[in-house]
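Below is one structure, written out as structure tokens; the observations come after it.
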Amino acid sequence: MVVKSLILKPSIITLKHLFKKPVTVQYPEERMPPSPRYRGLHQNDLSKCISCGSCARICPNKCIEMTPAGVKEVKRGDKIIKKEVKHPSFFEGRCMFCGLCVEVCPVKSLTMTGRYELAADTREALFYPWDKIGVNKPAYEPVKG
Ligand code: SF4
Ligand code: SF4
């Protein structure tokens, strides 16, 4: 009885696992792909963002700052006026990755990527200006963030 429970049973389990594919990965050489719904670093499609500021207003941790990004020409009746464009910049060090900012974005320009390796030596390095998280070309001449 002792031989069965202490030697035979564990040996059978060990033998079974000997021929199975390992479940561990050799990080950082190997990386598991995150789930498609993973909430990592933000990304903003600058060709879609309408500078409404809803993302900044809803953020419970005040991580988002609307930053001047350029000037675009807008038609108002017969006139063409110049309008300042702002895009969100992120203090990722304060972010709890709740995803509220993404949910509230009316044009779905704001998304969250699968990028999770955000560790940095300083708090300043965790600030991601609008052009660092921005993708696609905006429809105006941008200024440097
Ligand atoms: S994910 Fe949540 S905490 Fe992070 S910036 Fe968006 S609203 Fe703020
Ligand atoms: S990212 Fe979305 S919610 Fe934020 S300013 Fe742009 S359009 Fe508005």
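Counting starts at 1 for both ligands and their atoms, in listed order.
- Every atom of ligand 2 with a heavy atom of Asn44 under 4.0 Å away is listed here by number and element: 1 (S).
- Listed by number with element, the atoms of ligand 1 under 4.0 angstrom from any heavy atom of Ile64 are 5 (S).
- Heavy atoms only, all atoms of each residue included: His42 and Cys101 are closest at NE2-SG, 3.4 Å.
- The side-chain heavy atoms of Glu92 and Cys95, taken from C-beta on, include a pair separated by under 4.5 Å.
- The closest side-chain heavy-atom distance from Arg31 to Glu117 is below 4.5 Å.
- At a threshold of 4.5 Å between non-hydrogen side-chain atoms, the residues Tyr128 and Ser89 do not count as touching.
- Counting heavy atoms closer than 4.0 Å to ligand 2, residue Met66 contributes side-chain atoms (C-beta onward) but none from N, CA, C or O.
- Taking every non-hydrogen atom of Phe97 and a distance limit under 4.0 Å, the qualifying atoms of ligand 1 come out as 1 (S), 4 (Fe).
- Using a 30° and 60° split on the angle between ring planes, Trp130 and His87 fall in the tilted class, from 30° to 60°.
- For atom 4 (Fe) of ligand 1, the closest heavy atom belonging to the protein is Cys95 SG, 2.3 Å.
- Not one N, O or S atom of Cys49 sits under 2.8 Å from atom 8 (Fe) of ligand 2.
- Of all the heavy atoms of Ile50, the ones lying under 4.0 Å from any atom of ligand 2 are found in both the backbone and the side chain.
- Taking every heavy atom of Cys101 and a limit of under 4.0 angstrom, the matching atoms of ligand 1 come to 1 (S), 5 (S), 6 (Fe), 7 (S).
- Remark: distances from the non-hydrogen atoms of Ile58 to ligand 1 are all 4.0 Å or more.
- In this structure, His42 has a heavy atom closer than 4.0 Å to ligand 1.
- Taking both residues in full, the closest heavy atoms of Val102 and Lys108 are given as O-NZ, 4.4 Å, listed atom of the first, atom of the second, then distance.
- Atoms of ligand 1 lying under 4.0 Å from at least one heavy atom of Cys59, given by number and element, are 3 (S), 5 (S), 7 (S), 8 (Fe).
- Atom 2 (Fe) of ligand 1 has an N, O or S atom of Cys98 inside 2.8 Å of it.
- Close approach of ligand 1 to Pro60 (heavy-atom distance below 4.0 Å) involves ligand atoms 7 (S).
- Residue contacts with ligand 2 for Ser109 involve side-chain atoms from C-beta outward but no N, CA, C or O (heavy atoms, distance under 4.0 Å).
- Looking only at distances, no side-chain donor or acceptor of Asn136 sits under 3.5 Å from a matching main-chain atom of Ser47.
- The closest protein non-hydrogen atom to atom 3 (S) of ligand 1 is Met96 N, 3.5 Å.
- Within the 4.5 Å cutoff, the side chain of Lys20 has no heavy atoms near those of the Leu18 side chain.
- At distances below 3.5 Å, not a single donor-acceptor pair connects side-chain atoms of Arg76 with backbone N or O atoms of Ile81.
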